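We use all heavy atoms of the structure for the numbers below, so side chains are in, but hydrogens, waters and symmetry mates are not. Keep in mind that this is a model prediction, so the values were computed, not measured. Each ligand, and each atom within it, is numbered from 1 in the order the structure gives.
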Amino acid sequence: MPVEDNLKKVKDYLIKNFSDETVYNHINGESVSSVSGNTFVSFSPTDLNPLVKVSESGKQDVDRAVKASVDTFAEWRDLTGKDRRKILLDISAGIKTRAEEIALIESIDTGQAIRFMEKAALRGAENFIFFAEKAVEARDGASLLAPEQINITSRKPIGPVGVITPWNTPFMLSTWKIAPALAAGCTVVHKPAELSPITAKILLEIAEEAGLPPGVWNIINGYGETAGRYLTEHPDIKAISFVGESSTGKKIMKQGSDTLKRNHFELGGKNPVIVFEDADTENALKAVAFMIFSLNGERCTSSSRLLVQNSIKEEFIAKLKEIIAKIKVGHPLDEETVIGPLISPEHEKKVCSYFDIAKKEGAKIEVGGTKVLDQKLKSGCYVSPTLFTNASENMRISQEEIFGPVLTVIGFDTEDEAIRIANNIKYGLAGYVWTQNLSKALRVTEKMNAGMIWVNSENVRHLPTPFGGTKDSGIGRDGGDWSFDFYMETKNVCLPTIDKEIKGLTK
Ligand code: NAD
């Protein structure tokens, strides 16, 4: 489908959903403007033209949304798991029906290529199906036998929770956080990222059309330092599920300390992909390129540090350059595009600043390293796919999360050296290992400090498995039953199995 046709569809969908071009808050089942009436503008990174106005929330808006989530908590908590399951399955069906609309709007709002956003929208539906099925067993516990007693554990939803999401794949990430919260029986106040707020509103409308009672899930739009902060400080919000930068996670932990908030953090990453000389290099090449150049490199699990054994390094780099030369940078609504514009001029500036940093540090810009100045693209936030070589492990380009289509290559000689370099970083989200030697793969993965490691594969998610990071990459795990550990409280009831006389204070 030509870009113009997709653009026309986007326009129609935006008018259908937002007739006065404003994304309002959503509280108690209703679209409401912020109490102040203030709005801000959300721009498309394709050309920096305004897309929509967005309600800017303050403290009173957060209070209203939290009150709705408190008022509806008992009703939602007390629904049977079977009833919650049905509603979540109906939400998933609604997402599937409107997947094209979601993908197109997400693409124009974030700059992510449509080919990936179509999949992301459907993954959102899968998240709801997965947690719908788990809703039925969410409260189950264990029975623990001891001499003269039996203990029975059960789980209860923790209460109203706050969900704060970033801009990189906002729709999918919102479903990933909100579906388990609802399945557990929690009510939700969601604050989407101010840079990409549109699809969150569509998602909530789908949920209410599917029968979710009003007030169970509410949205407040606005900035992190105000709306986000009030939400994290609110005494009636029992837990914050946050996805975003490590530095923001640290702030949220401080902001929530007075109310002893439970936090779940999915934060930044600078993930190593280790390619040994005995790897299936053809597949490794494809996976390496995919994991840094898909989703504009604005991906927490991107393999942004390539650690390649020196014996195959030159050949590997040469082949990688051939792949990069064929990557299409272009309008995100073009089906052929792989890399679209970065989210904002500020982020583009940050990513481009690493081109100078690389030069100053003595690395080589092997490919790319420029803003795209093509006539059609220069008004947007487009940068070329970039490869830094001649890098060493302690350079800033090897240590800092750039969050763009930028790959740093570091050579190594031995297995021990590869492990040391992989772990020499403040982050610990994901890692990738390429070798055909199974015992080497097991040795290396055992010693790597990361929450998730894939062997001979790109990132392929299996929803029952734990997702999350170590060190500055996060606290806690999502997926499978792990999500319920966060959104629920575990209670133990102890019963005697004998008729016993209580000795009390007698000796
Ligand atoms: P960010 O931390 O700037 O913002 C994320 C959200 O937090 C936004 O909604 C923002 O408004 C809000 N926020 C900002 N300051 C706040 C405060 N003081 N209190 C409460 N809320 C506040 O992150 P971003 O730039 O939107 O996203 C990119 C980052 O997200 C990258 O570091 C990336 O690695 C990370 N990320 C991690 C994962 C993961 O699973 N680990 C997934 C996606 C993105």
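For atom 41 (N) of ligand 1, the closest heavy atom belonging to the protein is Leu267 O, 2.7 Å. For atom 23 (O) of ligand 1, the nearest non-hydrogen atom of the protein is Glu245 N, 3.4 Å. The nearest protein atom to atom 35 (C) of ligand 1, hydrogens excluded, is given as Gly244 O, 3.3 Å; this is a heavy-atom distance. Given atom 36 (N) of ligand 1, the protein heavy atom at minimum distance is Cys300 CB, 3.7 Å. Scanning all protein heavy atoms for the shortest distance to atom 11 (O) of ligand 1 gives Glu194 OE1, 2.6 Å. When hydrogens are left out, the protein atom nearest atom 40 (O) of ligand 1 is Glu266 OE1, 2.7 Å; that is the closest non-hydrogen contact. Protein heavy atom nearest atom 7 (O) of ligand 1, with residue, atom name and distance: Phe242 CE1, 3.2 Å. The protein heavy-atom contact nearest to atom 22 (C) of ligand 1 is Gly224 CA, 3.4 Å.
With respect to Glu137 and Lys134, a salt bridge is recorded, a charged nitrogen being found less than 4.0 Å from a carboxylate O. At a threshold of 4.0 Å, the pair Arg461-Glu126 does not count as salt-bridged, since none of the basic side-chain nitrogens sits closer than that to a carboxylate oxygen. A salt bridge links Lys251 with Glu225: at least one charged nitrogen is closer than 4.0 Å to a carboxylate oxygen. Under the 4.0 Å criterion applied to side-chain N and carboxylate O atoms, Asp71 and Lys67 are assigned as salt-bridge partners. A salt bridge does not link Lys53 to Asp20: none of the charged nitrogens lies less than 4.0 Å from a carboxylate oxygen.
Contact annotation: for Gln255 versus ligand 1, heavy atoms closer than 4.0 Å belong to the side chain alone. The proximity of Glu298 to ligand 1, defined as any non-hydrogen pair under 4.0 Å, does not occur for either the backbone or the side chain. Contacts with ligand 1 closer than 4.0 Å are made by side-chain heavy atoms of Leu429 only, the backbone lying farther away.
Residue-to-ligand polar distances keep Ser246 apart from ligand 1: every N/O pair is separated by 3.5 Å or more. The distance criterion of under 3.5 Å between nitrogen or oxygen atoms is met by Trp167 with respect to ligand 1. Not one N or O of Tyr223 is nearer than 3.5 Å to an N or O of ligand 1, by distance alone. Annotation: Gly222 places no N or O atom under 3.5 Å from an N or O atom of ligand 1; distance criterion only. Taking only nitrogen or oxygen atoms, main chain and side chain alike, Ser473 does not reach within less than 3.5 Å of ligand 1. Looking at ligand 1, you won't find any N or O of Leu173 less than 3.5 Å from one of its N or O atoms.
The residue from Asp472, Thr232, Thr165 that puts a heavy atom closest to atom 9 (O) of ligand 1 is Thr165. Atom 32 (O) of ligand 1 has its nearest heavy-atom neighbour, among Glu401, Lys251, Lys177, Met452, in Glu401.
In the model, Thr175 has a side-chain atom that pairs as donor or acceptor with a side-chain atom of Asn127 under 3.5 Å. At a cut-off of 3.5 Å, with distance as the only test, no side-chain donor of Asp61 or Asn221 sits close to an acceptor on the other residue. Residues Asn25 and Ser57 have side chains that bring a donor and an acceptor to within less than 3.5 angstrom of each other.
Atom 27 (O) of ligand 1 is flagged as protein-proximal [any protein heavy atom, distance under 4.0 Å].
Here the straight-line distance linking atom OG1 of Thr232 with atom NE2 of His234 works out to 11.0 Å at 0.5 Å rounding. The line from CD1 of Ile402 to NZ of Lys350 is 8.0 Å long, rounded to the nearest 0.5 Å. Lys270 NZ to Ser304 OG: the interatomic distance, rounded to the nearest 0.5 Å, is 4.5 Å.
Listed by number with element, the atoms of ligand 1 under 4.0 angstrom from any heavy atom of Pro192 are 9 (O). Annotation for ligand 1: atoms under 4.0 Å from non-hydrogen atoms of Arg229 are 19 (N), 20 (C). Using a 4.0 Å cut-off to heavy atoms of Phe403, the atoms of ligand 1 that qualify are 28 (C), 31 (C), 33 (C), 34 (O). Residue Ile252 has at least one heavy-atom neighbour below 4.0 Å for each of these atoms of ligand 1: 19 (N), 20 (C), 21 (N). The ligand atoms of ligand 1 that sit less than 4.0 angstrom from a heavy atom of Asn168 are 43 (C), 44 (C). Close approach of ligand 1 to Gly228 is summarised as follows: ligand atoms under 4.0 Å from at least one heavy atom of the residue are 19 (N), 20 (C), 21 (N). Heavy-atom contacts of Thr248 reach the following atoms of ligand 1: 1 (P), 2 (O), 3 (O), 13 (N), 14 (C), 15 (N), 16 (C), 22 (C) (cutoff under 4.0 Å). Per-residue contacts place Ile164 under 4.0 angstrom from the following atoms of ligand 1 (heavy atoms of the residue considered): 6 (C), 7 (O), 9 (O), 12 (C), 20 (C), 21 (N).
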*Trace of the side-chain contact (heavy atoms from CB on, under 4.5 Å) decision for Arg299 with Ser294*: CA-CA 8 Å; Arg299 176 177 198 157; Ser294 61; 2.7 Å; yes
*List the steps and the verdict of side-chain contact (heavy atoms from CB on, under 4.5 Å) for Phe467 and Glu266.*
CA-CA 9 Å; Phe467 185 100; Glu266 285 183 20; 3.5 Å; yes
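In this structure, Phe265 does not count as a contact residue of ligand 1, since none of its heavy atoms falls inside 4.0 Å of the ligand.
A distance-only check finds a donor-acceptor pair linking the side chain of Glu361 to the backbone of Arg396 [under 3.5 Å]. The backbone N or O of Ala68 lies less than 3.5 Å from no partner atom in the side chain of Asn28, so there is not a single donor-acceptor pair. Remark: the backbone N or O of Val188 is not paired with any side-chain donor or acceptor of Ser69 at under 3.5 angstrom.
A ring-centre distance under 6.0 Å is not found for Tyr354 and Phe388.
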